[in-house]
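Order of listing sets the numbers, starting from 1, for every ligand and every atom in it.
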Amino acid sequence: MNALSHRASRALDTLLDRTVAPGFSRVGYAVRRHLPTWPADPHPRALVGRHVAVTGASSGLGRRSALDLAALGATVHLIVRDAARGERVAGEVEAAVGRTGAARVWVCDVSDLDSVRELAGAFVASALPLRGLVHNAGALPPTRTTSAQGHELTMSLHVLGPVLMTQLLLPALAAGAGRVVFVTSGGMYTQELPVDDPEFERGEYSGTVAYARSKRGQVELLPVLAERWAASGMSVHATHPGWASTPGLDASLPRFAATLRPVLRSDVAGTDTTTWVVAREPAPPSGRLWHDRRDRPTSVLARSRPSAGERESFWQWVSDATGLDA
Ligand SMILES: NC(=O)c1ccc[n+]([C@@H]2O[C@H](COP(=O)([O-])OP(=O)(O)OC[C@H]3O[C@@H](n4cnc5c(N)ncnc54)[C@H](OP(=O)(O)O)[C@@H]3O)[C@@H](O)[C@H]2O)c1
C-alpha cells in the first residue's frame with residue numbers, strides 16, 4: 001500500500017465515522033472491510049485453550065459474540081440472567097463448533113451487585129484464567145427503574161455491575177492476561193457525563209437519555225480503569241457496534257429499528273470489533289474506544305468532553321456505590 005492510498009483509506013474511514021449514519025450502518029462496515037487499512041483477521045485458532053466470559057449472552061450481540069469467540073477456539077462462559085435461555089445458546093455454540101464443553105452457563109443479574117458478587121466468587125473458585133470479559137449485557141427501560149440496591153437501572157447494569165464484576169474477577173483476569181471489553185453505544189456521543197445526577201433523579205426521565213449517559217459513563221471510565229488494572233497485566237477497552245439488528249433494538253427502539261431496517265448491520269458486523277479486540281495479537285492499547293477495528297474519539301462535541309475533575313468525581317461515585325475501595 002503506498003502512502004497516498006493509506007492516507008485516502010484512513011480519510012474515508014474517518015469521514016464515514018463523523019457523518020454517523022453511513023459509518024454506523026451496514027454501509028460503513030462493508031466499505032471499511034475493503035479498505036487497504038482494514039486490519040487482518042485474528043488467527044483462526046487464536047483462542048484455543050482460552051476462556052472468555054460474555055454477559056448478556058442469551059440474545060442479540062452477546063449470543064453472536066459467544067458463537068464467534070468459540071469459533072476461534074475459546075471456551076465461552078455465558079453469563080445470563082435466565083439459565084434456560086443461556087442453555088439454549090450453549091447448545092447452539094456447541095453444535096456450531098462441534099465441541100462438547102465449548103460453552104458453560106453462569107447465572108447473574110448484572111444490575112444486582114449481590115448477584116455479581118456471587119457470580120464472581122463462584123468463577124474465581126473455579127480457578128479458570130480469563131482471557132476476555134465482554135461486558136455486553138444491556139437494556140433501555142422505558143421508565144425509571146431501579147436495581148436491587150436501588151440504583152437507576154442503566155447505570156447499574158452498564159457501569160456499576162461491570163466495574164464490580166471486573167474488580168472481583170481480577171484473580172482470573174490477571175491469570176489470563178485478560179482483555180476487558182465494555183460494549184458501549186454510539187448514543188453516548190449525544191450525552192454528557194451526568195456528574196451531578198448519576199442516578200437520574202432530576203428532570204423528566206427518558207430511557208434513551210439514561211441509556212446514553214450510562215454508556216458515556218463507560219467510555220469516560222476507560223482511562224481510570226486502564227490505569228487501575230494495568231499492574232495486573234490486563235487491558236481495558238470499549239467497542240461500539242454501530243446500529244445492528246437485534247431483538248433488543250427492536251424491543252427498545254421499534255420505530256428507529258423499523259425505519260433503518262434496510263441499513264442495519266448484521267449481528268456479525270456488530271460484534272466483529274469486540275471479537276477482534278479479544279483475539280488479535282498483540283492486545284490493542286488499553287483505555288481506548290474501538291469501532292470497526294480502529295480507535296475512535298470518545299467525544300465529538302466539546303460539551304460532552306468532561307474535565308479531569310468531573311471524571312474523577314464520577315469515578316468517586318462509582319467506587320462508593322460499588323464499595324470498591326472500602
Ligand atoms: N443493537 C445495537 O444496534 C446496539 C447499538 C449500540 C449498543 N448496543 C449494545 O450492545 C449490547 C447488546 O445489545 P443487543 O442489541 O444485543 O440487545 P439484546 O438483544 O436485548 O441483548 C441484551 C442482552 O442483555 C441481557 N441483559 C439485560 N439485562 C440484564 C441483566 N440485568 N443481567 C444480565 N443480563 C441482562 C439480556 O438478557 P435477557 O435475554 O434475559 O433479556 C440479553 O441477553 C448492549 O449493551 C447494547 O447497549 C447495541
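Residue contacts with ligand 1: Gly242 is included, with a non-hydrogen atom under 4.0 Å away. The closest approach between a heavy atom of Thr184 and any atom of ligand 1 is below 4.0 Å. At least one heavy atom of Asn136 sits closer than 4.0 Å to an atom of ligand 1. A heavy-atom separation below 4.0 Å is found between Pro247 and ligand 1.
In this structure, Arg64 does not pair ionically with Asp272, as no charged nitrogen and carboxylate oxygen lie closer than 4.0 Å. Salt bridge Glu281/Arg179: present, at least one basic N to carboxylate O contact under 4.0 Å. For the pair Asp13 and Arg32, the salt-bridge criterion is met [side-chain N within less than 4.0 Å of a carboxylate O].
With a heavy-atom cut-off of 4.0 Å, Lys215 touches ligand 1 through its side chain alone. By the criterion of a heavy-atom distance under 4.0 Å, neither the backbone nor the side chain of His158 is placed next to ligand 1. When heavy-atom distances to ligand 1 are checked against a 4.0 Å cut-off, Leu61 comes that close through both its backbone and its side chain. Contact annotation: for Pro241 versus ligand 1, heavy atoms closer than 4.0 Å belong to the side chain alone.
Around atom 36 (C) of ligand 1, the closest heavy atom drawn from Ala57, Cys108, Gly248, Ser58 belongs to Ser58. Nearest-heavy-atom check against atom 22 (C) of ligand 1 across Ser59, Ser245, Gly138, Ala257 picks out Gly138. Closest heavy-atom approach to atom 8 (N) of ligand 1 within the set Phe256, Tyr211, Trp243, Phe182: this belongs to Tyr211.
Interface of Asp109 with ligand 1, defined as ligand atoms under 4.0 Å from a residue heavy atom, comprises 30 (C), 31 (N), 32 (N). For ligand 1, the atoms sitting less than 4.0 Å from at least one non-hydrogen atom of Gly60 are 16 (O), 19 (O), numbered in the order shown with element in parentheses. Short contacts between ligand 1 and Gly56, defined as distances under 4.0 Å to a heavy atom of the residue, involve ligand atoms 23 (C), 24 (O), 25 (C), 42 (C), 43 (O). Here is the list of ligand 1 atoms found below 4.0 Å of a heavy atom in Leu157: 28 (N), 29 (C), 30 (C), 31 (N). Within ligand 1, the atoms closer than 4.0 Å to a non-hydrogen atom of Ser185 are 6 (C), 7 (C), numbered from 1 in the order shown.
Side chains of Thr14 and Arg294: a donor-acceptor N/O pair is present below 3.5 angstrom, by distance only. Between the side chains of Thr271 and Ser65, no donor N or O sits under 3.5 Å from an acceptor N or O. Side-chain contact, Glu220 with Trp315: no donor N or O sits under 3.5 Å from an acceptor N or O. In this structure, a donor-acceptor pair under 3.5 Å is present between the side chains of Thr166 and His135.
For atom 32 (N) of ligand 1, the nearest non-hydrogen atom of the protein is Val110 N, 3.0 Å.
The backbone N or O of Ala137 sits less than 3.5 Å from a side-chain atom of Thr55, completing a donor-acceptor pair.
Ring pair Trp317/His151 is perpendicular by interplanar angle, where above 60° counts as perpendicular and below 30° as parallel. The aromatic rings of Tyr189 and Phe24 sit tilted, their planes meeting at an angle between 30° and 60°.
Residue-to-ligand polar distances keep Val80 apart from ligand 1: every N/O pair is separated by 3.5 Å or more. Where the criterion is an N or O separation shorter than 3.5 Å, residue side chain and backbone included, Ala244 meets it with respect to ligand 1. Considering backbone and side-chain atoms together, Leu249 places no N or O closer than 3.5 Å to any N or O of ligand 1. Geometrically, ligand 1 and Arg81 share a nitrogen or oxygen pair separated by less than 3.5 Å.
Side-chain atoms of Arg144 and Glu201, non-hydrogen and from C-beta on, do get closer than 4.5 Å to each other.
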